[in-house]
Amino acid sequence: MRHARRRVVRRVTRLAAVGGLLLGGTMVTHAVASEPGAPDAVPFSTASPADVDASGPGAGLVQRLGTSRTAGSWVGEDGRTVVAVTDEEAAAEVRAAGAEPKMVRHSMDDFDSATRTLSSAPRVPGTAWMKDYRSNQVVVRGDSTVSADDWSSLTEVADGIGDFVRMERVEGTFTTRLAGGLPVLSTAGRCSAGFNVTDGQREFILTAGHCGPQGSVWFSDDGGRRKVGTTVGGSFPGDDYSLIAYDGGKAGENAGVVAVGGGKGVRITGVADPAVGQRIFRSGSTSGLRDGEVTALDVTVNYPEGTVGGLIESDVCAEPGDSGGPMFSEGIALGVTSGGSGDCRSGGITYFQPVTKALADLDLKLIVAPEADGGNPSPAPSQAQGAAAPDAATPGSSTPVRGILPDPSTLVSRLADPRNVGPGLLVMGGSLVALVASRWIRAEQDRKAYRRQYSATWG
């Protein structure tokens, strides 16, 4: 009876193993058949700021009417473009263009004069100022590191400018976010990859300038085994951008895609400047995909390391390690993460280096993704944050990430994904082990039975 049970177990094991081999082979065949074909010789195109209408209706009206008659533009709560104007004739032109005028006291010339005066005052780390178009004020902020004496001195400068300068204290500290958006690591710390750019021959990562000086070597793993490239140029302070030259000269497959976590990415199709009130998305290697609203443009921030001007301000959160990560909306590249205050638990302020400025200074073009055959749903942010613009903007067209910088956090999910060859290979491997084990067990049992029989007969 015992021998009969053993035979049944061995037969069931062999049948299961053979079935596993057939199933694993089918899974591998299906996964290989569903893999995308090899990319074309040129799997991307390029875009420069001139290739995209970066101005938008509000910025175009402001440019046409002039800085003495306007004071910025933004996206209103009803989705219409609002333009701040200082006279009725300008208001009539705005209405004729289909936008909404708002009469204000102070023009952009007044704003520019105020910020020049603030910039000429002694520099106080931990402060920032921005032009608040919607309130028609210049807002000066001071973080928790600014002493009472320094704040008092800066307040005296603001009082001398006029009553349209508003002083605000904020919690936390204004810091660069050094610890994309996949992680890149060097001896300087951890940052996030921003966007891929090119000079027509070589390809680079555009990231934050404070991430590391020229000559910094970057890796995609903390063991320093997978080299990404070397910093070859940039600007910080003053601006906050830098270039990492790829070690092999090329960005690889999906160069026009930015990672947003979970093995997903967003196709980047162009480059532009944002508008105040626009909903935007930011991706970083620490906090993932987050969304928020643009609150100001042309912001000056006095980091401890130096002053950076011309930044984009947003209420989206960021944390250390997110520096250099991409900021975008509807697949349009807008900025790379510079710094800010707060975190993704309590919220905060984040500043971005405009991509258009960096591309113009470096004489480079953005690498963009090819046209997608049918759009995949946009990935959801890690956590809803900030007011969404009335147009309910999305990050852009979603696509799997298959690039030069593999995300280690997705290894388990890739092995478990039935669309990949990993699960099939695991099933086949396990089946082979079971088959070999069953045959070895049978042979071992036969040897033991023979020894017992031999011992009983000749012992």
Side-chain angles (χ1 to χ4, degrees), residues 46 48 125 174-252 255 258-259 283-286 301-311 318-327 333 335-340 351-367 403-408:
T46 58
S48 65
F174 293 139
T175 60
T176 51
R177 294 309 193 181
L178 180 62
L182 295 175
V184 285
L185 304 99
S186 77
T187 54
R190 176 167 64 87
C191 276
S192 298
F195 299 99
N196 285 314
V197 297
T198 180
D199 61 5
Q201 295 180 335
R202 298 175 301 164
E203 293 167 14
F204 312 85
I205 297 172
L206 179 66
T207 188
H210 69 264
C211 284
Q214 187 160 330
S216 299
V217 179
W218 296 91
F219 301 88
S220 60
D221 67 308
D222 55 11
R225 293 178 295 273
R226 295 194 298 272
K227 183 179 177 182
V228 175
T230 305
T231 301
V232 295
S235 176
F236 180 80
D239 302 293
D240 196 2
Y241 58 79
S242 65
L243 282 181
I244 299 174
Y246 278 105
D247 198 34
K250 297 293 180 182
V258 296
S283 180
S285 60
T286 299
V301 182
N302 293 298
Y303 294 124
E305 301 92 335
T307 300
V308 180
L311 297 176
E319 296 185 352
D322 288 331
S323 278
M327 188 257 272
V336 292
T337 305
S338 173
Y351 301 107
F352 300 88
Q353 166 69 50
V355 173
T356 53
K357 173 68 160 55
L359 293 180
D361 289 353
L362 296 166
D363 193 22
L364 297 172
K365 289 188 176 183
L366 182 75
I367 297 176
I404 189 70
L405 297 176
D407 187 351

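For clarity, every value in this text was computed on a predicted model and none was experimentally measured.
Residues Gly321 and Ser285 approach most closely at O-OG, 3.0 Å, considering heavy atoms. Listed here is the closest heavy atom pair of Gly335 and Phe352: CA-CB, 4.4 Å. In plain terms, the two heavy atoms of Lys227 and Phe219 that are nearest each other are CA-CD2, 3.4 Å. Heavy atoms only, all atoms of each residue included: Phe204 and Ala245 are closest at CD2-CA, 3.5 Å. The two residues Pro304 and Pro125 make their nearest non-hydrogen contact at CA-CB, 4.2 Å. When all heavy atoms of Asp240 and Val336 are compared, the pair lying nearest together is O-CG2, 4.2 Å.
Rounding to the nearest 0.5 angstrom, the gap separating the CG atom in Asp239 from the CG atom in Leu311 is 8.5 Å. Note that NZ of Lys365 and OG1 of Thr198 are 9.5 Å apart. Values are rounded to the nearest 0.5 Å. One finds the CZ atom of Phe174 at 9.5 Å from the CG atom of Asn302 (value rounded to the nearest 0.5 Å). Distance CD1/Ile244 to CG/Asn196: 10.0 Å, rounded to 0.5 Å. Rounded to the nearest 0.5 Å, atoms NE2 (His210) and OH (Tyr241) are 15.0 Å apart. For the atom pair CG of Leu362 and NZ of Lys357, the computed distance is 9.0 Å after rounding to the nearest 0.5 Å.
Residues Val258 and Ser283 fail the side-chain proximity criterion, which asks for heavy atoms closer than 4.5 Å. Counting heavy atoms from C-beta on, the side chains of Leu206 and Gln353 never come closer than 4.5 Å. Using a 4.5 Å cut-off on side-chain heavy atoms (C-beta onward), Ser220 and Val228 make contact. Looking at Phe236 and Thr176, their side chains come closer than 4.5 Å, going by heavy atoms from C-beta outward.
Between Tyr303 and Tyr351, the two ring planes are perpendicular [angle over 60°; tilted spans 30° to 60°].
Remark: the backbone N or O of Ala358 is not paired with any side-chain donor or acceptor of Asp361 at under 3.5 angstrom. In this structure, Thr337 contributes its side chain and Gly325 its backbone to a donor-acceptor pair below 3.5 Å. Between the side chain of Ser323 and the backbone N or O of Cys191 there is no donor-acceptor pair closer than 3.5 Å. Under a 3.5 Å cut-off, the side chain of Thr175 and the backbone N or O of Gly339 do not form any donor-acceptor pair.
When the options Ile367, Leu364, Ile205, Val355 are evaluated for a side-chain contact (heavy atoms from CB on, under 4.5 Å) with Val197, the one that passes is Leu364.
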